[in-house]
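What follows is a single structure, written as structure tokens, with notes after it.
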Amino acid sequence: MYENKSEVKISGEVSLKIDVENKADSFDAKSWGIYAKENVSVLGSASLDIKSATHAQRQGAATGIYSSNGIAVFNTTGDVTIDCSDAANHGGGAIGNPSYIENKLIKVGTLTLKFDEDGYPYFGGSDGMDYDKNSFAFNRGEMNGVSIERYKFGAPKNLEIENGLNEFGNDEGQYIEGESVTIAANGIAGLSFAEWASDHDGFNGAGSSPFTFNMPGKDVIIMAKYNAFDLQPSFAHYDESHGTISFIIKSKTPEFEAPRLIQGGDHSYVVGDNVYSGDSMLYSAVVKDTEGNPSAVKNGSYRIAVKIGGLWHYSELFSVNYQDKLRLIGASGSLNKNSYEWDEPVDLAGIKVSAIYASGAEADITAFVTADPLNVGDTKVTLHYGNQSCNVEGITVRPKTIEGHDITKNLRAGTTAAQSVNASDFGITEA
């Protein structure tokens, strides 16, 4: 539409579509959706859909709305789309003028400006958009490979995404209440997405990525969480001041920082100097609560924090309790080895075993305690008793599976290597 004498007004209930392409391959072959001397205004309830393309080599040859001496004005309940995203445009501008004056946005259902990778939402002297920031949700980014700027009428609600992006390719954006939003978690090598955590209760535990939801009537912060642990941390004590914290991580990528023991949710608050080193994915660290020990770990609730892929990950809460004792009923047998091996999958979460030493004194011994199930196959799980003979009163186990880790460990340092004993000799039963 070309009009060089006055302003252009599109009003009423009209729905106007303009699709123009200049196929000339000359350097200066221009394409305008609407060209006017004065203002171009979209009013009432009118809707407008413009697509402008050119094959010219000159930057800025394609424009959706151009005013040689005015601006674009939008005051409509309808939707407006101006698309100059054709790859042949070489820097098209959705709205252009040489006046260095802001365009005016008063009302619109949705105003969408599209432009190619070298292009602009506003071109020439056009100086952006004048609008009430409390009345429009604004987003600018890239969608389906196309650069886009979008205004949507309504009170804006802010969305902040930690470890993820919205449909505009950004980690933050604005939406109106009830609007459909799609977000996706960032990829981290070696880890899989677990769930979303949010200050909005309705999103906590959402387990899909991409995740689509309707924007609530308030600002929202939402964070992608990942499965960083093959085996969640657990504690096993072997006397009233010593024990072992054991866990398995999934990956060691660039920007890896060693696991550390923390209380609360801040990785910088390390308990004592309990930062764990090692080349393996499996960690089994002795902790103790002894007087005057600066690294002492008291009874209480803890987490393991580990940095993988430039992001800190936090384990589930687990408890340290040196006095926790649990006698398990079951068949009894005699054991002259210092380890115990299961031939079937077992879940040892929280299991403690009570034993009688040859001297007759009662003492507690502890399993390699796991918060997640363990697989048989090439996995080996051991109980450690020291080097004395003892009677085992039995242990109750539940079969489950997790694959891929050799976790043969002695839980007390400085003892002889663990030896295998067939579990069936000692009446292992399923819960």
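For reference, positions follow the sequence shown, starting with 1. Remember, it's a predicted structure, so these values are computed and weren't measured experimentally.
Asn227 meets the side-chain hydrogen bond (donor to acceptor under 3.5 Å, both in side chains) test with Ser192; sequence neighbours excluded. Legend: residues meeting ring-ring contact (aromatic ring centres under 6.0 Å, His included) with Tyr314, ordered by chain and number and at least two apart, are absent. Take Asn299 and apply the side-chain hydrogen bond (donor to acceptor under 3.5 Å, both in side chains) test, not counting sequence neighbours, and it matches Gln323. Applying the side-chain hydrogen bond (donor to acceptor under 3.5 Å, both in side chains) rule to Glu21 yields the partners His55; only residues at least two apart in sequence or on another chain are considered. Residues that satisfy the salt bridge (charged side-chain N to carboxylate O under 4.0 Å, His left out) test with Lys104, not counting sequence neighbours, are Asp130. Partners of Lys157 according to the salt bridge (charged side-chain N to carboxylate O under 4.0 Å, His left out) rule, which considers only residues two or more places apart in sequence or in another chain, do not exist here. For Lys250, the salt bridge (charged side-chain N to carboxylate O under 4.0 Å, His left out) criterion is met by Asp230, not counting sequence neighbours. For the side-chain hydrogen bond (donor to acceptor under 3.5 Å, both in side chains) test, residues two or more places apart in sequence or in another chain that qualify with Ser268 are Asp266.
Atom NZ of Lys252 sits in a crowded spot, with more than 12 heavy atoms from other residues, nucleotides or ligands closer than 6.0 Å.
Residue Leu159 holds its CG atom at 9.0 Å from CG of Asp219, rounded to the nearest 0.5 Å.
A donor-acceptor contact under 3.5 angstrom links the side chains of Ser31 and Ser52, judged on distance only. If you check the side chains of Ser85 and Asp83, you find a donor sitting under 3.5 Å from an acceptor. In summary, the side chains of Tyr131 and Glu102 do not present any donor paired with an acceptor at a separation below 3.5 Å, with no hydrogens or angles considered. A donor atom on one side chain and an acceptor atom on the other are not found under 3.5 Å apart for Thr290 and Ser241.
Asn274 places a side-chain N or O within donor-acceptor distance of the main-chain N or O of Ser295, the cut-off being under 3.5 Å. Using a distance-only test at 3.5 Å, with no hydrogens or angles considered, a donor-acceptor pair links the side chain of Asn166 to the main chain of Gly169.
For residues 168-181, the salt bridge (charged side-chain N to carboxylate O under 4.0 Å, His left out) pairs, not counting sequence neighbours, are Arg150-Glu179. Under the salt bridge (charged side-chain N to carboxylate O under 4.0 Å, His left out) criterion, no residue pair touches residues 267-277, with sequence neighbours excluded. Legend: salt bridge (charged side-chain N to carboxylate O under 4.0 Å, His left out) pairs involving residues 279-290, not counting sequence neighbours, sorted by first then second residue: Asp289-Lys298.
Taking the six-membered ring for Trp and the full ring otherwise, Phe318 and Phe247 have centroids separated by 6.0 Å or more.
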Atom pairs and distances, side-chain donor-acceptor, residues 136-143, under 3.5 Å, sequence neighbours left out:
from   : atom 1 : to     : atom 2 : distance (Å)
Asn139 : OD1    : Gln174 : N      : 3.2
Asn139 : ND2    : Gln174 : O      : 2.6

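Ring pair His200/Phe203 is perpendicular by interplanar angle, where above 60° counts as perpendicular and below 30° as parallel.
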